[in-house]
*Asks:* 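Input: one structure, supplied below.
Both counts, for ligands and for their atoms, begin at 1 and track the order of listing. Bear in mind that the values here come from a model prediction, so they are computed numbers and not experimental data.
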Amino acid sequence: MTIRFNFPYLVGTELEYIQDAVKYGRLAGDGLYTRKCSELLEAYLGHGKVLLTHSCTAALEIAAILADIQPGDEVIMPSYTFVSTANAFVLRGGVPVFIDIRPDTLNIDERLIEAAITPRTKAIVPVHYAGVACEMDFIMEIARHHGLLVIEDAAQALGSSYKGRKLGTLGDFAAFSFHETKNIVSGEGGALVINTHHFVERAEVIREKGTNRSRFFRGEVDKYTWVDVGSSYLPSELVAAFLYAQLQHINEINQKRMLIWKKYESTLQGTAHQGHIRLPVIPEACVHNAHLFYLLTRTHAEQIELLAAMKAKGVNAVFHYIPLHATDAGQRFSKTGSSMAITEDLAWRLIRLPIYPGLGASDQHEIQRQVIDWVSDNVR
Ligand SMILES: *Cc1c(COP(=O)(O)O)cnc(C)c1O
């Protein structure tokens, strides 16, 4: 028996829409399906201009150009995140300044941000880990006070909210991912949300290879030319067609994941109450999208042993992230703006359990049983 860590969920209309896009005869970016996706997302989020990209990484890169990151400029972010959060800024010569995470949500510790601000600081990048919101009111207030931009890394957070407001609508920019490991997928894919309106026109140019082609398509100029820096950040219509099918089912997909998430929580609660493992903490201000279910073991040794025990029985549980400040590239390109004690502790105790709509009840039962049995056999 093998239980996969992830398996992309299909809603059933993906291939039909791709076929339709092919028949329509326009396969490059910014065709019918790209427009449908952007409009759907804009309506869903209720705020901001959405530009589809070929990845969340691409959306973060556009945001870094929009933020006018120059060599030596500093960007405050957590070290406990995916590499693209940092690399998008390093590509502009920017310096990620890593600060520690909160022990409860594993999100950036907002109380450490202000002390890390220097005259070179340009932006703050809160990452909504596991689709659970960062303390955005606090972060936005610091940013406004110091004249900094806020770029939400909302890669994991489509459908989540903070105090009733959708994640991705709170910072100046936000980046979503539709990578096959996320809730809504198109293989590779992403979106940039622009909530501070005066950046929209430049964002369109950067995304379209530095040209004003978007304005040309709208009939606002009679030819398009090179007007700024930029690159090719558009997804093909084939990808957008697949994505549109998925986006039409955001709530249904997130609900299916939530059933699994809640089941993990209720089943493992007893073991957690005994103090042997720790489960995710969801602050009251946050409604999350069940992107990820994790547990924390008490020690690093227990993390390694439990992962190995599950693997031996065919369950692919995994851990992440190796904190960015502790990597080779991190040492070269970034610095730390606080102690990293919580990050360095929790990163080596975290285990992610399989969670996707296609995970069967008996498979989930098996995963839970393995965790509970292992704890009762090995932890005292
Ligand atoms: C998945 C992820 C990304 C990158 O998304 P891609 O679409 O693969 O580029 C960036 N940041 C975080 C926090 C992620 O989880």
*Asks:* Return yes if a side-chain donor-acceptor contact under 3.5 Å exists between His300 and Arg349, otherwise no.
*Replies:* no
*Asks:* Ignoring hydrogens, just give me the one of Thr181, Thr81, Val127, Asp153 whose non-hydrogen atom is nearest atom 11 (N) of ligand 1.
*Replies:* Asp153
*Asks:* Just let me know how Tyr321 lines up against ligand 1, side chain, backbone, both or neither, with a heavy-atom cut-off below 4.0 Å.
*Replies:* side chain
*Asks:* Under 6.0 Å from the ring centre and within 45 degrees of the ring axis: does the NZ or CZ of Lys166 meet both conditions for the six-membered ring of Tyr44?
*Replies:* yes
*Asks:* Write out the residue and atom name of the closest protein heavy atom to atom 7 (O) of ligand 1, then the distance separating them to 0.1 Å.
*Replies:* Ser177 OG, 2.7 Å
*Asks:* With no hydrogens and no angle check, just 3.5 Å: does a side-chain donor-acceptor pair link Thr343 and Asp100?
*Replies:* yes
*Asks:* Output, in order, the C-alpha distance, side-chain angles, deciding distance and verdict of ring-ring contact (aromatic ring centres under 6.0 Å, His included) for Trp261 and His288.
*Replies:* CA-CA 11 Å; Trp261 198 98; His288 71 101; 4.4 Å; yes
*Asks:* How far is atom 2 (C) of ligand 1 from its nearest protein heavy atom, and which residue and atom name does that atom have?
*Replies:* Lys182 NZ, 3.0 Å
*Asks:* Can you name the atoms of ligand 1, numbered from 1 with element, that are less than 4.0 Å from a heavy atom of Cys56?
*Replies:* 4 (C), 5 (O), 6 (P), 7 (O), 9 (O), 10 (C)
*Asks:* Looking at ligand 1, does His128 have a heavy atom less than 4.0 Å from it?
*Replies:* no
*Asks:* Measure up the Tyr80 and Tyr321 rings against each other and bin them: parallel (under 30°), tilted (30 to 60°), perpendicular (over 60°).
*Replies:* perpendicular
*Asks:* Looking only at protein heavy atoms, which one is nearest to atom 9 (O) of ligand 1, and how far off is it?
*Replies:* Thr57 OG1, 2.5 Å
*Asks:* To check your reading of the model: name the closest protein heavy atom to atom 12 (C) of ligand 1, its residue, and the distance in Å.
*Replies:* Ala155 CB, 3.4 Å
*Asks:* Check contact between Gly189 and ligand 1, using heavy atoms of the residue and a distance below 4.0 angstrom.
*Replies:* yes
*Asks:* For the rings on His325 and Phe333, is their centre-to-centre separation under 6.0 Å?
*Replies:* no
*Asks:* Within this structure, what is the CD-NZ distance for the pair Glu74 and Lys122, rounded to the nearest 0.5 Å?
*Replies:* 11.0 Å
*Asks:* Could you tell me whether Tyr264 and Phe293 have their ring centroids closer than 6.0 angstrom?
*Replies:* yes
*Asks:* Heavy-atom distance to atom 15 (O) of ligand 1: which of His320, Glu61, Gln156 wins?
*Replies:* Gln156
*Asks:* What protein heavy atom lies closest to atom 3 (C) of ligand 1? Include the residue and the distance to one decimal.
*Replies:* Phe82 CD2, 3.5 Å
*Asks:* State the atoms of ligand 1, each with its element, that fall below the 4.0 Å cut-off from a heavy-atom position in Ser55.
*Replies:* 7 (O), 9 (O)
